[in-house]
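Reviewing the structure listed below.
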Amino acid sequence: MNVSTRVDVAFQRCIHPSCATTYGIEEIRVGCGECGGLLDVAYDWDRARPPRQLADFEQLWSRRHEPLPHSGVWRFHALLPFAEPEHIVTVGEGQTILQRSTSVADYVGLSGGELYLQYEGLNPSGSFKDNGMTAAFTHARSVGAKRAACASTGNTSASLAMYASVTGLMKAIIFIGSGKIAYGKLSQALDYGALTLQIEGDFDDAMQRVREVSSKLGIYLVNSVNPFRLEGQKSVMYRVLEALRWEVPDWIVVPGGNLGNSSAFGKAFIELKELGLIDRVPRLAVINAAGASTLFELYEKRGLRWQQGAPQTELVDDYYAELDAAHRRASTIASAIEINRPVNLMKSLRALEFCDGVVRVATDQQILDGKAQVGAGGFGCEPASGASVAGAKMLCEEGVIGPDERVVCILTGHALKDPDVTVAYHAGDEEMFERVLGSRGVKSAAFANSAVPVANNLDAIVQAIEQHA
Ligand code: F0G
């Protein structure tokens, strides 16, 4: 095996402190062999020698012509030093934008505060997944993988398919639930030439199958249960801090599905604090869809906590048994987060503990109204991302987020990923609204911007413009 990882500074370690079994960085693992827990990528920071202050990263801005400083992930290589620079696979991911939005701030009720939107949909495959995929792909290549697989609600598969096609290094094999993927995402997987297996079932079924098949056939698994994925996703937080000139905001609000982002963000802050690179951490708000609310149910209603690595796992087992007994499946218009068995649950609990977090649920109506606000006052986003804005609004109304605080909502996917939902919301076509949204319990499109029908006649066109603009 051609191993080209940094065995001198990086290793893998079980996240449970009572176990803490370690594994070499060159091993392909998706869980602890001793206790079955999730794994972290861990570092010997004395040897890795990270920068003394975050502003040191600014020195790399003048070297943007080089592939690694150009990447918004690998610019921060010193904070994820598991690979030798010459083995990193990058396609220029992470060129994303933090935009301050006054109109969305007004909508959520931040009268004196600041609201920022972090557009991860601006990544090459149109979602935040590229941040993690570049890292997992780098590890996959360094251990000599020839095939990589994932289960997906669409964005992971688009990202994997893109890295496989652009680099030509691996064959991508993707598992999707039947009828459970937005067209923009499916079109990417097909266009990039991935082997696409449409499994009868939903994401939770596909996830279970891909784990079995990967282990049976020795295929490299790139879902976020892979600890290297999350190393790349830490960089979203580094870029937020960078855009705020290294000031820590009061809140990070993020949608929750498989809970990879919240887990990665928590790890980023744990490490930055431990390294003395920040002196405080933001609070974390994770927003589930109401129809896929496992984290909310367990954390807010049943009191499940990380408890410094000793969570009451029987609460999870009981809840999953109840879901099975009631044949309850995840269901939301935000198909990206239509997940009932989040693989990163334990890491997300750790993040919530470290960042004094809260979890909320947003209905499909609230998600779509939040999304429409991002479209009207920003660059737009896909439905799941609208959950961040819906959640921020809810937390402001509750008084949990104060009106003068500084809030960053993470927008995880591009507006063009799921055009059907956007058009159904705006078009004013009753049949379409009912079929796409009404069947999901969405009642209104309060912020719709419908097309104005006009006769092919100069006077009528002039009149329509004068009337509407
Ligand atoms: N937002 C979007 C746009 C997503 O595609 C996903 C996950 C999430 C949020 C939730 O991710 O909770 O793991 O941080 N999509 C996965 C996929 C499941 O297959 O593309 P989280």
Side-chain angles (χ1 to χ4, degrees), residues 38 118-123 125-133 136 149-162 174-177 180-182 184-186 188-189 194 196 199 202-204 206-207 210 221-226 229-230 232-234 236-237 252-267 284-289 292-296 330 332-345 347-348 351-352 359 362 367 370-371 374 380-391 409-418 421:
L38 293 168
Q118 173 70 13
Y119 284 94
E120 288 303 312
L122 298 179
N123 269 292
S125 81
S127 85
F128 74 92
K129 302 287 181 181
D130 298 345
N131 294 296
M133 201 55 72
C150 68
S152 185
T153 54
N155 282 327
T156 307
S157 50
S159 184
L160 170 60
M162 181 194 72
I174 67 177
F175 288 51
I176 55 177
K180 294 281 184 183
I181 180 169
K185 306 175 188 183
L186 180 59
Q188 287 180 286
T196 306
I199 311 288
D202 63 10
F203 174 82
D204 294 318
M207 187 70 229
V210 77
L221 184 65
V222 299
N223 278 103
S224 56
V225 67
N226 175 323
R229 269 274 309 274
L230 300 191
Q233 287 175 218
K234 293 189 305 190
V236 178
M237 290 300 101
I252 300 289
V253 190
V254 63
N258 229 359
L259 306 178
N261 276 321
S262 51
S263 300
F265 299 171
K267 185 169 190 279
L284 181 65
V286 184
I287 314 301
N288 275 162
S293 58
T294 293
L295 183 67
F296 174 76
T332 167
I333 195 78
S335 56
I337 52 174
E338 195 175 51
I339 296 172
N340 260 352
R341 292 174 191 257
V343 297
N344 286 300
L345 177 61
K347 285 186 177 175
S348 186
L352 288 165
V359 184
I367 286 174
K371 169 183 158 1
V374 176
C381 63
E382 71 164 276
S385 312
S388 309
V389 172
C409 291
I410 309 300
L411 302 179
T412 44
H414 198 283
L416 296 176
K417 287 280 190 176
D418 195 349
V421 168

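Both ligands and their constituent atoms are indexed starting at 1 by order of listing.
A390 meets the side-chain contact (heavy atoms from CB on, under 4.5 Å) test with A362, Q366; sequence neighbours excluded.
Annotation: the span from T196 atom OG1 to L186 atom CG amounts to 7.0 Å, rounded to 0.5 Å. With rounding to the nearest 0.5 angstrom, the CG atom of N131 is 8.5 Å from the OG atom of S159. In this structure, CE in M207 is found 9.0 Å from OG1 in T156, a value given to the nearest 0.5 Å. Remark: S157 OG to I174 CD1 distance equals 4.0 Å, nearest 0.5 Å.
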Can you list every pair where an N/O of ligand 1 is under 3.5 Å from an N/O on the protein?
unit_1   : atom_1 : unit_2 : atom_2 : d
ligand 1 : 1 (N)  : T412   : OG1    : 2.7
ligand 1 : 5 (O)  : N155   : ND2    : 2.8
ligand 1 : 12 (O) : G257   : N      : 2.6
ligand 1 : 12 (O) : N258   : N      : 3.0
ligand 1 : 12 (O) : L259   : N      : 2.7
ligand 1 : 13 (O) : N258   : N      : 3.4
ligand 1 : 13 (O) : L259   : N      : 3.1
ligand 1 : 13 (O) : G260   : N      : 2.8
ligand 1 : 14 (O) : G260   : N      : 3.4
ligand 1 : 14 (O) : N261   : N      : 2.8
ligand 1 : 14 (O) : N261   : ND2    : 3.3
ligand 1 : 15 (N) : K129   : NZ     : 2.9
ligand 1 : 15 (N) : T153   : OG1    : 3.4
ligand 1 : 19 (O) : S152   : OG     : 2.7
ligand 1 : 19 (O) : T153   : N      : 2.7
ligand 1 : 19 (O) : T153   : OG1    : 3.4
ligand 1 : 19 (O) : T156   : OG1    : 3.1
ligand 1 : 20 (O) : S152   : OG     : 3.3
ligand 1 : 20 (O) : N155   : N      : 3.0
ligand 1 : 20 (O) : T156   : N      : 2.8
ligand 1 : 20 (O) : T156   : OG1    : 3.1

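Remark: K185 engages E382 in a salt bridge, criterion side-chain N to carboxylate O under 4.0 Å.
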